[in-house]
Amino acid sequence: MLFTSFEFLVFLAVVIVCYYIVPKKIQWIFLLAAGYVFYFIASPVYLIYIMTTTVSVYIFTRIIQTRKDTFDIHFKKIKKQLDRQQRKDIKSQEKKKEFRLMMICLLFNLGILAVCKYTNFAIGNINFLLGAVGSSKRLLTVNMILPMGISFYTFQSMGYLIDVYRGTCSAEKNLGKLALFVSFFPQLVQGPISRFNDLSKSLFEKHTADYNTITFGMQRILWGFFKKLVIADRLLPAVLEICGDTSKYQGAYVLVGMLFYALELYADFTGGIDIAIGTAQTLGIHVTENFRRPYFSKNIKEYWNRWHITMGSWFTDYIFYPISICKPMLKVSKFSRKHFGEFIGKRVPIYLSSFAVWFATGVWHGASWNFIVWGIGNFVVIMISQECEPFYRWFHSKINIKDKFLFKLFQIVRTVLLMSCLRMFDCYRDVPLTFKMFGKMFTGFDISQLSVSAFQLLGLAISDYIILFGGMILLVAVSIIQRKGSVRAKIAERKAPVRFIIWYALFLTVLIFGTYGIGYDSSQFIYNQF
Amino acid sequence: MKKKIFTVLSAVVLSICLTACGSNDVKVIENNKDDKASESSTDNSGETSKLKGYVFEADGQNGKVSITTEIEMNDILKQLGDPDNYFEAESCAFKGLDKTYTYSHYEIQTYPEDKKDLISCILFKDDMIKTAEGLSIGMTKDQMEEAYGTDYEQKGAMYVYKKDSSFLGFIIQDNIISSIQYFSDALEQQQN
Amino acid sequence: MEELLEILNELHPDIDFNTQQNLVDEKILDSFDIVTIISEVADVFDITISAEEIVPDNFNSASALYSLIEKKMDDED
Amino acid sequence: MRKRLIGITVSFIVAAVGLWFLQKLLMPKYMDDIVEGAMIAEYYDEEKNHDVIFIGDCELYENISPAVLWKEYGINSYIRGSAQQLIWQSYYLMEETLQYEKPKVFVFNVLAMKYNSPQSEAYNRMTLDGMKMSAAKIKSVQASMTEEEDLIDYIFPILRYHSRFDELGKIDINYLFKKDKVTFNGYYMRVDVKPAQNIPEAKPLGDYNFGDTAYFYLDKMVELCEKNNVELILVKAPSLYPHWYDEWDKQMSEYALDHNLKYYNFLNSTDDIGLDFAKDTYDSGLHLNLTGAEKLSTYFGNILSTECDLPDRRNDKKLKEIWEEKLKAYDDEKNRQYAENEK
């Protein structure tokens with residue numbers, strides 16, 4: 001059930017109405033049921049997977065929590081009789097046991113994810129190696145199920161598992177409530193990845209229908225539809241056309257494709273998240289924001305703090321920190337400091353753990369070398385900009401343009417271009433082709449290629465470009481206003497007729513200019529592939 | 001250390017068990033958006049020169065002409081030369097014509113799509129020509145099964161073989177092939 | 001405290017760590033800085049700060065960070 | 001609270017009116033080129049007391065002229081025809097027609113028996129969009145939908161036609177509320193001539209039996225007509241192409257015999273009708289032109305009035321008035337087309 005399908009709207013309407021009708025006590029149970037129905041409609045088999053993850057996480061977090069609780073009581077009692085070293089030993093012994101429990105559950109669930117998602121990728125690589133060494137043997141690729149949103153719910157529940165292990169949140173006693181946390185339907189398909197502490201409160205609370213909450217939620221959903229249907233899906237055919245026929249579209253087209261994709265991806269992804277968060281909001285549930293106007297970032301590090309935020313912070317909290325400050329790493333750091341000097345020694349932990357994070361981010365995005373190279377590319381760019389920091393500082397101390405509008409604009413454009421270049425790995429078939437096309441962008445660049453008629457050959461008509469242009473202006477305008485607070489709140493302050501006109505106009509825009517239905521057969525086809 | 005290895009192994013084995021018994025043809029709908037463009041662009045590597053499905057070899061003006069359904073008639077027409085007989089039928093209400101080109105031993109029908117004429121059917125008219133696999137009108141059902149196997153679908157007297165998106169049908173009367181026709185999905189639907 | 005301020009100042013000479021109370025929330029310290037601080041602190045004070053202790057509350061100001069260090073030192077030696 | 005409720009109600013009403021208007025604007029008007037799409041809706045403006053109603057595809061609406069039936073036999077008739085009307089669509093049109101009036105005779109053209117499953121969205125639209133909302137329409141939509149279609153798109157056609165925003169033209173404004181007549185009691189007039197020639201031989205079929213679905217709806221038609229005491233007559237128009245196989249004809253003859261229906265295959269009586277396929281067709285034998293249609297109408301009108309005992313209503317004053325006006329329009333259009341042809 002795609003967010004932009006009619007079925008989803010019906011499903012949502014039924015869920016919202018029933019949610020506020022059922023007794024407040026069982027609202028959360030109803031949500032759990034809705035989530036499972038949502039999953040069941042996608043495919044009944046998927047339920048087994050999500051339930052397995054839920055139950056395993058439940059069991060292990062309960063065990064860890066019980067251990068923790070009994071240990072604390074026990075420890076308090078014996079604390080006074082022990083000296084410092086003994087206390088330390090006992091504590092670390094307990095921690096080790098908890099760690100082991102946590103790891104079993106973690107590896108089990110990541111194992112499922114890995115097998116589902118990466119088996120064929122691994123087989124492909126093995127076959128390549130077999131070919132490279134001259135063997136004629138080949139492994140057959142297998143048909144794996146890839147349960148909907150498995151990457152998202154696995155990460156969300158693993159975050160919870162680690163939080164319980166760390167003691168930053170206490171384990172949920174009610175299996176049903178945990179199941180709801182894992183399967184909360186708005187964020188099941190494409191995130192955001194919520195933390196238990198953030199989501200749990202409003203998720204399990206009792207909610208009374210509130211006019212403002214519900215309308216705000218619906219307005220957010222409408223905005224998401226606008227981004228997805230009017231902009232992203234309208235633009236998609238052109239992106240696919242350019243990236244699909246690499247012999248035809250070179251030089252300046254590569255740049256066009258790159259920029260189109262930047263817009264398409266932004267509209268598609270943030271639109272989907274808007275629908276997810278808006279849906280949760282209509283139910284009175286607060287979900288963490290996943291984007292903060294990422295294309296206004298002035299450097300790539302900032303960009304990653306503003307794009308897909310929940311994923312980035314997940315990687316930082318659960319991979320970057322643990323790796324970079326774990327004891328072995330500190331030892332490595334000390335060792336290298338001794339042998340290679342202060343300069344390198346300081347950098348070793350950061351480089352190693354950043355590499356791990358970006359490698360993992362790449363792998364997480366998809367089972368292909370494209371994404372891995374893309375992740376590493378991000379790593380390289382971030383590290384370079386990190387090393388250049390002293391230079392920038394020196395530069396700004398000499399020339400004071402830091403706060404000039406034009407310089408800021410330059411920084412923003414630079415960051416967007418940089419990210420778009422990296423994202424080319426997303427578009428092209430394989431890594432060598434991406435590099436080739438990247439080169440072509442410079443060697444074959446000929447601005448005269450881009451005539452008006454050439455643009456029409458990309459599968460979009462003049463009217464499409466006009467709509468896209470108008471849509472983009474609206475996007476930018478809204479983003480600019482948004483910097484000073486919620487746009488919806490600002491509109492809500494207006495008089496009723498003004499509100500009505502604004503939202504009705506947006507609704508009509510989606511209804512008429514949206515790319516859906518039989519009139520858009522080609523996009524229909526693209527949907528079906530995914 | 002041993003314990004650790006055991007932990008890892010058991011976890012991996014468990015997860016493999018779980019995924020392995022579930023594998024089947026369920027469609028992948030993971031909406032991890034970032035996968036999108038890369039996957040779709042992989043399909044565009046096929047060559048276009050080779051025809052898919054059942055192919056009929058006709059004698060053209062300059063040697064053999066390979067024809068199959070769902071390809072454009074214009075190119076074929078150039079190679080085959082003018083037909084002996086040509087008929088066009090306007091589709092009800094819509095613009096575009098269903099066309100029939102009759103040559104001495106066979107007949108080709110087209111239907112309009114996107115300003116192009118695509119071949120919907122190739123029909124044998126006598127026993128002077130053969131399919132690429134060597135069958136002609138007048139041969140027996142056994143010969144047909146020998147050449148094409150028994151993996152056919154039977155519709156009345158018609159035996160239909162499917163290959164990619166093209167169909168090859170034999171009408172058999174009293175064990176003898178009385179008609180041979182290549183046809184496409186577009187036509188298949190109409191006759192249901 | 002002096003030693004801590006020294007570490008911090010070396011990292012960001014342009015920030016007054018005595019007054020700043022929102023180091024993390026205002027994104028003055030990023031994840032790289034935090035890792036550097038932790039490894040330096042580990043060196044100087046001989047304590048280990050673990051991942052679960054990396055929360056904004058502990059890193060938002062120099063004083064908060066120092067109280068974390070003190071607590072750790074109490075605990076561990 | 002009360003104020004807010006009023007506000008919400010008013011907004012919804014305004015929104016709904018706006019949507020309705022936009023939907024009207026965006027729906028295709030079928031006024032300039034594909035006029036066949038406008039046929040079904042024309043029926044609703046008629047004075048509904050017809051003796052004979054023809055229901056079926058182009059082999060009726062291009063081959064029978066109700067004007068001739070009136071002029072020569074005093075039969076008040078109407079054709080509820082549309083392009084590639086499938087048999088279930090014909091059935092539900094019958095059901096719907098009976099909501100408005102009870103004719104003495106329904107005439108159905110049996111070529112539609114060859115289609116056993118939904119065919120094309122575009123043709124569906126031309127038959128279904130013109131129908132007023134009713135249970136019969138919904139059932140017809142459900143029977144007609146191809147895999148890519150959804151019922152909701154028929155209930156709210158704006159969901160289907162929203163993409164027409166860049167095709168909107170003068171025609172969409174001019175015909176926003178009022179449409180021109182494109183037929184004469186359902187008859188689509190063409191006077192040009194294109195002789196029938198080179199018609200290809202019939203392609204042998206593996207299975208000549210009509211499909212189960214087609215028979216299912218034919219049975220339903222028979223049942224519906226019996227229940228309402230309307231006579232059902234089956235006809236096969238004298239069109240030379242698409243080919244009407246003997247095997248098909250046999251099935252229809254047998255069916256008519258079994259169910260006590262009249263079945264006329266006009267292909268067998270082209271000489272009696274006096275059809276000359278060098279002159280009486282405008283597209284090489286697929287459809288008759290005006291001269292052909294008038295010949296067939298004269299021939300069939302004779303059968304209808306004698307064998308079905310239909311009264312001559314030319315003395316009915318009210319009907320006479322209506323028809324006088326119609327006949328004038330009919331003759332005007334005839335002259336206009338002939339004049340245009342001369343050029």
Side-chain angles (χ1 to χ4, degrees), chain A residues 2 4-10 13 209-212 214-215 218-219 222 225 229-230 233-234 237 456 460-468 470 492 494-525 527-528, chain D residues 1-28 37 118-129 141-142 144-169 172:
Chain A
L2 289 162
T4 48
S5 66
F6 186 72
E7 289 82 17
F8 179 73
L9 288 179
V10 174
D210 172 63
Y211 178 80
N212 281 331
I214 295 175
T215 45
M218 296 207 284
Q219 288 160 0
L222 184 60
F225 267 79
L229 290 180
V230 179
D233 288 351
R234 187 170 292 277
Q456 278 168 280
L460 302 181
I462 300 278
S463 58
D464 292 316
Y465 286 108
I466 296 173
I467 291 167
L468 283 170
R494 301 292 179 120
K495 286 221 169 68
V498 179
R499 284 194 326 248
F500 174 78
I501 288 170
I502 291 176
W503 292 116
Y504 191 50
L506 185 62
F507 173 73
L508 289 184
T509 309
V510 173
L511 187 74
I512 293 172
F513 301 134
T515 317
Y516 63 89
I518 287 181
Y520 291 97
D521 259 345
S522 54
S523 68
Q524 202 77 17
F525 172 64
Y527 286 146
N528 293 342
Chain D
M1 191 61 204
R2 207 172 140 194
K3 213 177 157 192
R4 177 173 275 176
L5 268 178
I6 292 170
I8 292 175
T9 319
V10 170
S11 334
F12 267 97
I13 291 170
V14 173
V17 171
L19 284 177
W20 175 82
F21 180 80
L22 266 176
Q23 175 160 303
K24 275 259 173 213
L25 182 70
L26 284 164
M27 281 183 75
Q119 296 291 312
S120 109
E121 200 257 346
Y123 282 117
N124 282 346
R125 283 286 170 185
M126 291 201 291
T127 303
L128 298 168
D129 277 343
V141 168
Q142 279 170 332
S144 308
M145 281 190 300
T146 56
E147 267 174 44
E148 51 175 13
E149 294 176 75
D150 266 316
L151 177 61
I152 188 79
D153 293 348
Y154 282 93
I155 297 175
F156 301 110
I158 193 170
L159 296 175
R160 165 66 181 85
Y161 293 115
H162 67 102
S163 55
R164 280 191 75 244
F165 66 87
D166 59 349
E167 297 164 23
L168 290 181
D172 292 291

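Only heavy atoms go into these numbers, but all of them, side chains included; no hydrogens, no water, no symmetry mates. Residue numbering restarts at 1 for every chain, and letters A, B, ... go by the order of the sequence lines.
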Next item on the list: Evaluate side chain to side chain contact (heavy atoms under 4.5 Å, CB included) for A/Y504 paired with D/L19, printing each intermediate quantity in order.
Entry: CA-CA 10 Å; A/Y504 191 50; D/L19 284 177; 3.8 Å; yes
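Every residue was checked against the ring-ring contact (aromatic ring centres under 6.0 Å, His included) condition with D/F21, not counting sequence neighbours, and none meets it. When the ring-ring contact (aromatic ring centres under 6.0 Å, His included) test is applied to A/F507, no partner is found at least two apart in sequence or on another chain.
To the nearest 0.5 Å, atom CG of residue D/L22 and atom CD1 of residue A/I512 are 4.5 Å apart. Interatomic distance, D/H162 NE2 to A/T515 OG1, rounded to the nearest 0.5 Å: 7.5 Å. Taking CG of D/D166 as the reference point, atom CG of A/D464 lies at 7.0 Å (rounded to 0.5 Å).
Between A/Y516 and D/I158 the shortest heavy-atom distance is OH-O, 4.4 Å.
In terms of heavy-atom pairs under 4.5 Å with chain D, the best-connected choice from A/P497, A/A496, A/S463 is A/S463.
Partner of A/F500 under the side-chain contact (heavy atoms from CB on, under 4.5 Å) criterion, out of D/V14, D/I8, D/V10: D/V14 alone.
Heavy atoms of A/L508 lying under 4.5 Å from chain D belong exclusively to its side chain. Of the two parts of D/L159, the backbone and the side chain both hold a non-hydrogen atom closer than 4.5 Å to a non-hydrogen atom of chain A. Residue D/R4 touches chain A through its side chain alone, counting heavy-atom pairs closer than 4.5 Å. Interface remark: D/E121 contributes side-chain atoms only to the contact with chain A (heavy atom separation under 4.5 Å). At a 4.5 Å heavy-atom cutoff, the contact between A/I467 and chain D is made by side-chain atoms alone.
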